[in-house]
Amino acid sequence: MNEPLITHYADTLYSCLIPYDMHFEHRMPAHSIIFVRSGKLLIEENKRVVEVTAGNYVFVKRDCTVKITKVSLEETPYRGINLTLRRKALKDYYTAIPRSILPKDAKPIGRVATILPKSIPLDGLFQSLMVYVDNETEPAAEMLTLKLREAIMCLLSLNPDFYPTLFDFNESWKIDILDFMENNFTEDMTLDEFASYTGRSLASFKRDFAKISPLPPLRWIMEHRLDMAQRLLENGKGLAQDVGYSVGFKNRSHFSQAFKKRFGYAPSDYVKLLS
């Protein structure tokens with residue numbers, strides 16, 4: 001298999017199998033625990049690189065931007081499982097625990113990525129998740145809720161500093177929308193994801209976006225993709241049939257139609273016009 005295989009369940013449990021090295025910059029809207037099954041994971045933040053080898057776990061904090069490289073080793077692809085700790089799950093857990101058990105001297109974890117020590121509870125948790133992933137079966141909602149509670153318990157048992165880290169419910173920081181959009185408009189993301197990565201609800205994202213552009217977000221993205229495609233074709237930076245993919249279009253026919261509507265020529269005809 002030469003194509004990556006990425007599956008997710010209820011936007012909480014993710015599994016990926018990647019047969020080649022993959023590098024990308026990612027914004028973490030929620031805390032996550034990642035288990036590296038094979039290959040290795042490199043996480044870079046502020047020139048610090050954390051290397052997570054096969055069989056190990058790493059905790060990645062929310063509201064952070066990290067550079068991630070998923071590395072395959074020789075004939076062994078990268079395989080990993082990501083369990084995302086959503087805000088609601090954390091709030092539900094926090095509401096149910098007695099305040100008397102909260103440690104008084106614990107401090108929030110400052111590092112973006114923290115390799116977790118091996119533990120029987122953590123191994124047991126991810127072994128139970130692998131059964132679902134390997135059988136391509138989505139856990140029932142009630143089961144996934146239990147697994148999230150189990151994950152929270154695992155972290156709290158490993159280090160009391162996870163208490164103030166996980167149970168900090170201050171609003172996520174909001175990053176500059178225009179800056180984020182200009183750097184990521186070619187990415188395959190939904191508006192919900194754009195909103196989440198900028199620290200906003202979808203409604204808040206649309207309201208704030210209206211303050212910086214007369215165009216609705218999807219139209220803005222389309223216009224910027226087409227403008228970039230035009231520049232690439234004019235500078236000879238790609239073949240007409242491939243430029244659409246490089247600027248974020250999934251479908252070659254859709255790209256060709258949109259380009260012709262905007263500039264009056266299909267991409268291939270536009271190249272001929274330039275020569």
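Here, residue 1 is the first one in the sequence, and each next residue gets the next number.
Partners of A203 under the side-chain contact (heavy atoms from CB on, under 4.5 Å) rule, at least two apart in sequence or in another chain, are S201, R207. In this view, Y163 satisfies the ring pair (Phe, Tyr, Trp, His ring centres under 6.0 Å) rule with no residue, not counting sequence neighbours. Evaluation of the ring pair (Phe, Tyr, Trp, His ring centres under 6.0 Å) rule for F126 yields F35, Y57 as partners, not counting sequence neighbours. S157 is linked by a side-chain contact (heavy atoms from CB on, under 4.5 Å) to nothing, counting only residues two or more places apart in sequence or in another chain. Qualifying side-chain contact (heavy atoms from CB on, under 4.5 Å) partners for D92, counting only residues two or more places apart in sequence or in other chains: K88. Remark: Y265 pairs with no residue by the ring pair (Phe, Tyr, Trp, His ring centres under 6.0 Å) rule, at least two apart or across chains.
Contact annotation: the side chain of R37 approaches that of V133 to within less than 4.5 Å [non-hydrogen atoms, C-beta and beyond]. For the pair T12 and L83, the minimum side-chain heavy-atom distance is below 4.5 Å. In this structure, the side chains of Y78 and T69 stay at 4.5 Å or more apart for every pair of heavy atoms.
Residue pairs meeting the ring-ring contact (aromatic ring centres under 6.0 Å, His included) criterion with at least one member in residues 96-118: none, sequence neighbours excluded. Applying the salt bridge (Lys or Arg N to Asp or Glu O under 4.0 Å) test to pairs two or more places apart or on separate chains, those with a residue in residues 186-196 are D188-K250.
Through side-chain heavy atoms spaced under 4.5 Å, either directly or across other Ile, Leu, Val, Met, Phe, Trp or Tyr residues, L42 is tied to V49, V71, L73. Taking Ile, Leu, Val, Met, Phe, Trp and Tyr as hydrophobic and joining them when side-chain heavy atoms fall under 4.5 Å apart, one finds M143 in a cluster with Y132.
Judged by distance alone, with hydrogens and angles left aside, the side-chain atoms of N184 form a donor-acceptor pair with the main-chain N or O of F180 at under 3.5 Å. Without hydrogens or angle criteria, N135 side chain to V131 main chain gives a donor-acceptor distance under 3.5 Å. No donor-acceptor pair closer than 3.5 Å links the side chain of S32 to the backbone N or O of I34.
Note: L226 CG to R231 CZ = 11.0 Å, rounded to the nearest 0.5 Å.
With L155 as reference, L85 is the one residue of L122, L85, D161 to meet the side-chain contact (heavy atoms from CB on, under 4.5 Å) rule.
The distance between the ring centers of F162 and F59 falls below 6.0 angstrom.
Here the closest non-hydrogen pair linking D123 and K118 is OD1-CD, 4.3 Å. Residues C16 and K70 come closest through the heavy atom pair SG-NZ, 3.6 Å. Minimum interatomic distance between P77 and S38 (heavy atoms only, all atoms of both residues): O-OG, 2.7 Å. Nearest heavy-atom pair, P216 versus F209, reported as atom, atom and distance to 0.1 Å: C-CE2, 4.0 Å. The heavy-atom pair separating R86 from A30 by the smallest distance is NH1-CB, 3.9 Å. Taking both residues in full, the closest heavy atoms of K40 and T53 are given as CB-CA, 4.2 Å, listed atom of the first, atom of the second, then distance.
Stacking of R99 on the aromatic ring of Y94 is recorded, both the 6.0 Å distance cut-off and the 45° axial limit being met.
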Side-chain donor-acceptor pairs of residues 255-264 under 3.5 Å, sequence neighbours excluded:
{"from": "Q257", "atom 1": "NE2", "to": "S253", "atom 2": "OG", "distance (Å)": "3.3"}
{"from": "R262", "atom 1": "NE", "to": "E223", "atom 2": "OE1", "distance (Å)": "3.4"}
{"from": "R262", "atom 1": "NH1", "to": "E223", "atom 2": "OE1", "distance (Å)": "2.6"}
{"from": "R262", "atom 1": "NH1", "to": "D227", "atom 2": "OD1", "distance (Å)": "3.2"}
{"from": "R262", "atom 1": "NH2", "to": "D227", "atom 2": "OD1", "distance (Å)": "2.8"}

Please list, one pair per line, the donor and acceptor atoms closer than 3.5 Å that link side chains of residues 104-111 to other protein atoms, with sequence neighbours excluded.
none

